[in-house]
Each structure stands twice: as structure tokens, then as C-alpha cells.
Number of protein chains: 2
Amino acid sequence: MKLTASEENYLKAIYHLSEGASKSVSTNDIAAEMKTKPASVSDMLRKLGEKGVINYRKYYGVNITQEGKKLALQTIRKHRLWEVFLVEKLNFAWDEVHDVAEELEHIQSPLLIQRLDAFLNYPKFDPHGDPIPDEFGDVKARPRIPISEMEIDQSGQIVAVKDSSAAFLRYMDKVGAYIGARVKILDKVEFDGSVEILVDQKKSIFMSKDVASNILAIQS
Amino acid sequence: MKLTASEENYLKAIYHLSEGASKSVSTNDIAAEMKTKPASVSDMLRKLGEKGVINYRKYYGVNITQEGKKLALQTIRKHRLWEVFLVEKLNFAWDEVHDVAEELEHIQSPLLIQRLDAFLNYPKFDPHGDPIPDEFGDVKARPRIPISEMEIDQSGQIVAVKDSSAAFLRYMDKVGAYIGARVKILDKVEFDGSVEILVDQKKSIFMSKDVASNILAIQS
DNA sequence: AAATATAATTAGATATAGCTAAAAAAATAT
DNA sequence: ATATTTTTTTAGCTATATCTAATTATATTT
């Protein structure tokens, strides 16, 4: 099954939207995600349905098929490998890479991706901390550990909090930490287990062991 | 002036065809080069003419404008930089790179090319020995030297012969040397100036100083 | 100089991918 | 249960890039 760049983009969007919710994905949601109009989406859904990469029933949204999932994961794999390349080899900032990777991901050459993967030393995660599917579409889930358990100089990304009480979220907000933030452990005080972290390469934050235990991160 | 991938390809073809001949380029020649039909070319020429990158007079072929030349050289620059990347970093063979580079050259990101150029250490020639234009479209012509003047372990590409008599070309053919062949100097005998070279990384050839003086190569 | 051959262009298709506006179906509210 | 709102689809149009077939312009022969 071969897809055009546009079809790949739609499929990727459908895959991402599917991951969040358990039910089928709506035309309007896809249009919003793709920044196109619902009418264009309807057209594309018909096409993708005919190609067998989604199950499409008019007026009832879509579900991605196994075949479709595999193809979407291939595109995601390519995207994330290119992001690693751009950041690690070409010194792009991690927030500058998305648009370029969006173009690069559509280059059709299995050999290229295989070689790129090897050149980058088979990275398992992209610069945003997202897992890179292997060539079979399998993704390695990265274990989430509390910031309090990370070592000095280790980097990672905040992905969740254990206690999600409003009070704690207010605290997070106040100090400038948030889900998705990239963090680096600057210092750990052995005496009380308190931690100093650097958020997004600019803001340093002190926190008690209690707080640090409550913030979950993936290591990069 | 922004061009589509297809327009870039046509312009590149027109540029290459212009380089060979002094007169204007014909519709049929472009069609042959691009592997499309003359009808498609006519359409595209009208468009490129309107964009000012070529001078187009119906039934009289085209000449590339200064603006067009600059754009064509930018595309060629991107193509050749990607070829260097593929060969030097991803270990592609030099004859495997063209199709992939053909896709990569259309990625729109000046920053990407700037960074790629730096990452590759500002190469001046691609793996085929062709010069890489700089960001202003200037190309460095590489001096051609006789194989007899190359040093041991130096690599290059055969680009011409001094004596192009039928006898000599028959000899070239017989030993497996040809215009375009990549060569590496394996050994030089000081006593008589004879040379042993490796052709295309597989075939080794012995030749007298007379013969070696007659084959011109560019160094890589 | 007229006839013929070659080359180039136009006219009219097709396919992709987007759009707006109108119509139809489904969901929600009264 | 009907009316209204929201969502989705269809119809029809635009633009790019290709094609074939027909036409027209230029070049070559005789």
C-alpha cells in the first residue's frame, strides 16, 4: 500500500486522535487537527477507506485499521528519526525541528531510513521524549520515574503528576513547571532529598523531596 | 520567487541543457530529459515564462534568465549537498544516491541547507566530482590534472583524455577505464613513472607514464 | 514555391487536493 | 415528538501536473 504525502498526513492525524480517545474519530476533529475544512476531510476519508487503512462509515467517524496503524507508525518513525538528526547532528533547537521533519518524513526510501537509524545509533526516543517506533511499528514505552529518583545531570521530560489535586497543579503553574516541560537535574541535596531542576534550559526551580516525588518524568 | 518541486525540476533540466549548447533549448529536448511529453513541457514553459525564470518565445525554445539560473543553482546545490551526506555519512554507494537526493533537494528550509553544509564541512564537490555551488550560486571549477601527477592514495574521477584518438579510446575501453570512472592511485613506480590505479573500487589497472599522462582527472 | 515532414502548441481529459455553498443526516433541545 | 442546531456529506469549482489527440507553426525537400 503506497500513500501520497497528503494521505500520510491525514493518517498520522487520525492515528494521533485515535490514541487519545477510545471512540471513533470525527470529521471535524480531523479538520481541526489538519487545519483544513470538513469537506476536504470527507473526501479524504472516502479515499483512505477505499485503500483499507481506515474503517469509514459515513456520518459515524473513522477507526484506523491494523494496516493503517502500521503505516501511520512508519511515518511517525521517519518523522522522529529526522528530528533526532536535526537536533543531534545539525544543532537545531528542539522546537525548530517540527516543520522541517514534517517535510522530510515523506521522503520515500526504506534504505535511507534504515541507514539514518544506524547513523543515529538506533535512538529509541526523539528530542521531545516521544518514542520512536521500530521498523515493525513496535514502540518502547519509557518508564516514568519521579524526578526525585533521577540523577544529577540527567535530562528528561515531565509527563505526569501522581497527585493531581488543584492545589498541586496551582503549585506547578506558579513555579513554571508543566506537563511536557523538559527538565534537567542540576543538584540534589542528600540531607533532605530536595532537588534543583532546570526547566526548558532556562528557568531553575528548587523543590522539596515531596514535590519531586510527585512529578513523573521520562528520561532522555 | 517560490517554485513548486515540479517547476524546480524543469528549471534544473533547462539549466543543464543550456550548459551544453549555446543556443536555446527545445521543447522536445526538455521532454526527453524530464521523461514527459512535449505537451506537458509547453504548459510548464508558459508558467516558468510568466514567473520570469526563463525567456520563452513560442516555437523558438527557451533561454534561462539570470533569476532562473540562480534558482537552478540553488536546487543543484541542495541536490549535491544531500549526495555528499548520503555517501559520506550514510554510506550510500555513489551510484545509489541520485533518486533519494532528487527527493531531498525539494525540502524547503534555508536553515537546513546552511546547517547541512556546515555539518559536511562545506564540501566543494559532490561524490560524482561535480562542483557544489555556494549559497550565491558561484561554482568552483576544479583543476584537471593528469593521473600521472596524482599522489598515492588520492582519489578522483576521470573527466577527459588529452589524446582522444580512436586507438587510445580503444585502449581505455579494453582496460576498463572510462570518462566518469572514479579512480584511486594505488601505487606509482618511481623508476619509470608507471601507475597502478583502482577503478570504481574494484578493478585495478597498470598503466605506463605515457598513458597516465594522457588521462585527466579531477581530485576529490 | 509548394509539398512534406518535424516540432510545438492547444484543446480537452484525468487525478490529486483543496475550497465554498447547499443539502442531508444525526444529535440536542424544547 | 417536533424543532433546532450541529455535524457531515455532496456538488461544483479552482489549481497543479500530467496525458492523448488534434491543430498549427516552422523546417526541410523536391
Side-chain angles (χ1 to χ4, degrees), chain A residues 1-14 17-18 20-21 23-64 68 71-72 75 102-103 105-108, chain B residues 1-14 17-18 20-21 23-64 68 71-72 75 102-103 105-108:
Chain A
M1 180 56 45
K2 210 175 264 167
L3 302 179
T4 66
S6 188
E7 287 169 343
E8 279 186 349
N9 284 335
Y10 272 94
L11 197 58
K12 207 163 43 113
I14 293 166
L17 292 169
S18 300
K23 38 192 174 65
S24 61
V25 177
S26 81
T27 301
N28 269 358
D29 287 352
I30 298 168
E33 177 85 9
M34 298 283 299
K35 286 163 190 166
T36 63
K37 303 292 161 181
S40 309
V41 176
S42 283
D43 247 25
M44 184 55 87
L45 294 185
R46 187 186 40 71
K47 259 200 297 185
L48 291 177
E50 281 165 10
K51 292 205 170 187
V53 297
I54 58 172
N55 290 315
Y56 173 48
R57 224 185 99 213
K58 275 186 203 172
Y59 295 104
Y60 287 91
V62 295
N63 293 101
I64 198 162
L71 288 170
T75 307
E102 204 65 24
E103 288 192 60
E105 75 186 9
H106 301 299
I107 305 289
Q108 304 283 162
Chain B
M1 181 57 46
K2 209 176 265 168
L3 302 179
T4 66
S6 188
E7 287 168 343
E8 279 186 350
N9 284 335
Y10 273 95
L11 196 59
K12 206 162 45 111
I14 293 166
L17 292 169
S18 299
K23 38 192 175 66
S24 61
V25 177
S26 80
T27 301
N28 271 357
D29 287 352
I30 299 167
E33 176 86 9
M34 298 282 300
K35 287 163 189 167
T36 62
K37 303 292 162 184
S40 310
V41 175
S42 283
D43 248 25
M44 183 56 88
L45 294 185
R46 187 186 39 72
K47 258 200 298 185
L48 292 176
E50 281 166 10
K51 291 202 172 190
V53 296
I54 56 172
N55 291 315
Y56 173 47
R57 225 184 101 214
K58 273 188 205 173
Y59 295 103
Y60 286 90
V62 296
N63 292 101
I64 198 161
L71 288 170
T75 306
E102 204 66 22
E103 288 191 59
E105 75 187 10
H106 300 299
I107 305 287
Q108 305 281 163

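Naming convention: chains lettered A, B, ... in sequence-line order (proteins, then strands); numbering from 1 in each chain. Only this structure's heavy atoms are used, side chains among them; waters, hydrogens and symmetry mates stay out. Every value quoted in this text rests on a predicted model; they were computed, and no experiment measured them.
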I'd like a table of donor-acceptor pairs (distance under 3.5 Å, sequence neighbours excluded) in which one partner is a side-chain atom from residues 30-40 of chain B, with atom names and distances.
none

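- With values rounded to the nearest 0.5 angstrom, T27(A) atom OG1 is found 12.0 Å from K58(A) atom NZ.
- Remark: S6(B) pairs with T4(B), Y10(B), M44(B) by the side-chain contact (heavy atoms from CB on, under 4.5 Å) rule, at least two apart or across chains.
- With sequence neighbours excluded, the residues forming a side-chain contact (heavy atoms from CB on, under 4.5 Å) with S26(B) are N28(B), D29(B), listed by chain and number.
- Scanning all heavy atoms of the two residues, the minimum distance from S18(A) to V25(A) falls at OG-CG2, 3.6 Å.
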Pull out every protein N or O sitting under 3.5 Å from an N or O of nucleotides 18-28 of chain C, one pair per line with the distance.
from	atom 1	to	atom 2	distance (Å)
dG18(C)	OP1	S6(A)	OG	3.4
dG18(C)	OP2	Y10(A)	OH	3.3
dC19(C)	OP2	K37(A)	N	3.1
dC19(C)	OP2	S40(A)	OG	2.4
dA26(C)	OP1	Y60(A)	OH	3.4

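- Contacts of R46(A) classified as side-chain contact (heavy atoms from CB on, under 4.5 Å), with partners at least two apart in sequence or in another chain: D43(A), E50(A), Y56(A).
- Between chain B and DNA chain D, the heavy-atom contact criterion of under 4.0 Å yields a 5' to 3' nucleotide range of dT16(D) to dT26(D).
- For L3(A) and dA15(C), the CG to C1' distance is 16 Å, given to the nearest whole Å.
- Taking CZ from R57(A) and CG from L45(A), the interatomic distance works out to 14.0 Å, rounded to the nearest 0.5 Å.
- Here S42(A) lies in heavy-atom contact (under 4.0 Å) with a base.
- Within the structure, every pair that satisfies the salt bridge (charged side-chain N to carboxylate O under 4.0 Å, His left out) test and touches residues 3-14 of chain B, not counting sequence neighbours, is listed here: E7(B)-K51(B), E8(B)-K78(B), K12(B)-E102(B), K12(B)-E105(B).
- L45(B) has its CG atom 11 Å from the P atom of dT10(C), to the nearest Å.
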